[in-house]
Amino acid sequence: MAIRQIITEGDDILRKVSKPVTSFDDKFYELLDDMKDTLEKSGGVGLSAVQVGVLKRVFVISLNNCYFEVINPRIVKTSGSQCGQEGCLSIPNRFEDITRPKFVTVEFFDRFGNKMSLSATDFMARAICHENDHLNGVLYIDYLKKK
Ligand code: CO
């Protein structure tokens with residue numbers, strides 16, 4: 001287990017599309033464990049693999065004493081909308097009001113390859129959307145430009 005360096009805005013890798021996880025091996029578990037350590041140390045809510053320089057479709061979220069490892073996610077349902085403050089570990093010391101769905105359902109795999117489904121609301125829904133965007137090279141500040 002180790003803390004990895006978090007890549008910040010300006011590095012092209014944050015704009016790349018991550019690839020699906022295909023091998024659930026020791027190297028992948030090491031990545032997951034390191035992401036947990038790195039997120040814990042950062043004090044953030046979520047971290048995607050691309051933020052530590054690995055273009056794999058995986059993110060982790062730590063919220064309200066719950067910890068989630070989300071692999072190969074697919075957002076299958078969204079509804080409603082909410083506006084609230086959002087930040088990103090790759091864009092330090094900046095927070096902006098961003099509109100997101102109020103409810104999301106995401107299908108994904110856990111680290112053992114089990115298929116999972118999670119429905120979330122409010123801030124958890126926001127975190128899932130934010131992290132899922134990272135896997136597609138999208139940063140939350142992109143939504144400011146679209147206004
Ligand atoms: Co982020």
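Residue F103 belongs to no hydrophobic cluster, having no ILVMFWY side-chain heavy atom closer than 4.5 Å to its own. Through direct or indirect side-chain contacts shorter than 4.5 Å among Ile, Leu, Val, Met, Phe, Trp and Tyr, V76 is connected to no other residue. Using a 4.5 Å cut-off between side-chain heavy atoms of Ile, Leu, Val, Met, Phe, Trp and Tyr, V58 falls into a hydrophobic cluster with I6, V21, F24, F28, Y29, L31, L32, M35, L39, L47, V52, V54, V60, Y67, I71, L89, F109, F112.
V45 places a side-chain heavy atom less than 4.5 Å from the side chain of F123. Under the 4.5 Å side-chain criterion, counting only non-hydrogen atoms from C-beta, E107 is in contact with K115. Residues I13 and L55 form a side-chain contact, since some pair of their non-hydrogen atoms from C-beta on lies under 4.5 Å apart.
Taking every heavy atom of both residues into account, N72 and P20 meet most closely at OD1-CA, 3.4 Å. G87 and F95 make their closest contact through CA-CD2, 3.7 Å (heavy atoms, listed as atom of the first residue, atom of the second, distance). Here the closest non-hydrogen pair linking F59 and P73 is CE2-CG, 3.7 Å.
Within the structure, the salt bridge (Lys or Arg N to Asp or Glu O under 4.0 Å) test picks out the following pairs touching residues 11-23 (sequence neighbours left out): R15-D142. Residue pairs meeting the side chain to side chain donor-acceptor pair (under 3.5 Å) criterion with at least one member in residues 35-44: none, sequence neighbours excluded. Residue pairs meeting the ring pair (Phe, Tyr, Trp, His ring centres under 6.0 Å) criterion with at least one partner in residues 68-92, sequence neighbours excluded, are absent. Each salt bridge (Lys or Arg N to Asp or Glu O under 4.0 Å) pair with one or both residues in residues 47-73, not counting sequence neighbours, appears once here: E69-R111.
In this structure, L14 CG and H134 NE2 are separated by 7.0 Å, a value rounded to the nearest 0.5 Å.
Shown here is N64, whose CG atom has no more than 12 heavy atoms of other residues, nucleotides or ligands within 6.0 Å.
Of the possible donor and acceptor atoms, one in the side chain of D34 sits under 3.5 Å from a partner among the backbone N and O of A2. At distances below 3.5 Å, at least one donor-acceptor pair connects side-chain atoms of R126 with backbone N or O atoms of I98.
A search for side chain to side chain donor-acceptor pair (under 3.5 Å) contacts involving E30 returns nothing, not counting sequence neighbours. The side chain to side chain donor-acceptor pair (under 3.5 Å) check on Q51 picks up S48, S90, with sequence neighbours excluded. Applying the side chain to side chain donor-acceptor pair (under 3.5 Å) test to S62 and every residue at least two apart in sequence or in another chain returns nothing. Scored by the ring pair (Phe, Tyr, Trp, His ring centres under 6.0 Å) test, Y140 finds H130 as partners (sequence neighbours excluded).
V106 and L63 fall within a single hydrophobic cluster, where Ile, Leu, Val, Met, Phe, Trp and Tyr are joined by side-chain heavy atoms under 4.5 Å apart, directly or via other members. L135 and L118 fall within the same hydrophobic cluster, where Ile, Leu, Val, Met, Phe, Trp and Tyr residues are linked whenever their side-chain heavy atoms come under 4.5 Å apart, directly or through other members. In this structure, V70 is a member of the same hydrophobic cluster as I128, with clusters built from ILVMFWY side-chain heavy atoms closer than 4.5 Å. In terms of hydrophobic clustering, with Ile, Leu, Val, Met, Phe, Trp and Tyr side chains grouped at heavy-atom distances under 4.5 Å, L144 and I91 are assigned to a common cluster.
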If you look only at distance, which donor and acceptor atoms sit under 3.5 Å apart when one is on a side chain in residues 77-85 and the other is two or more places apart or in another chain?
from : atom 1 : to   : atom 2 : distance (Å)
Q82  : NE2    : P101 : O      : 3.0
Q82  : NE2    : D122 : O      : 2.8

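For the residue pair D97 / Y143, no side-chain donor-acceptor distance below 3.5 Å is found, with atom types taken as modelled.
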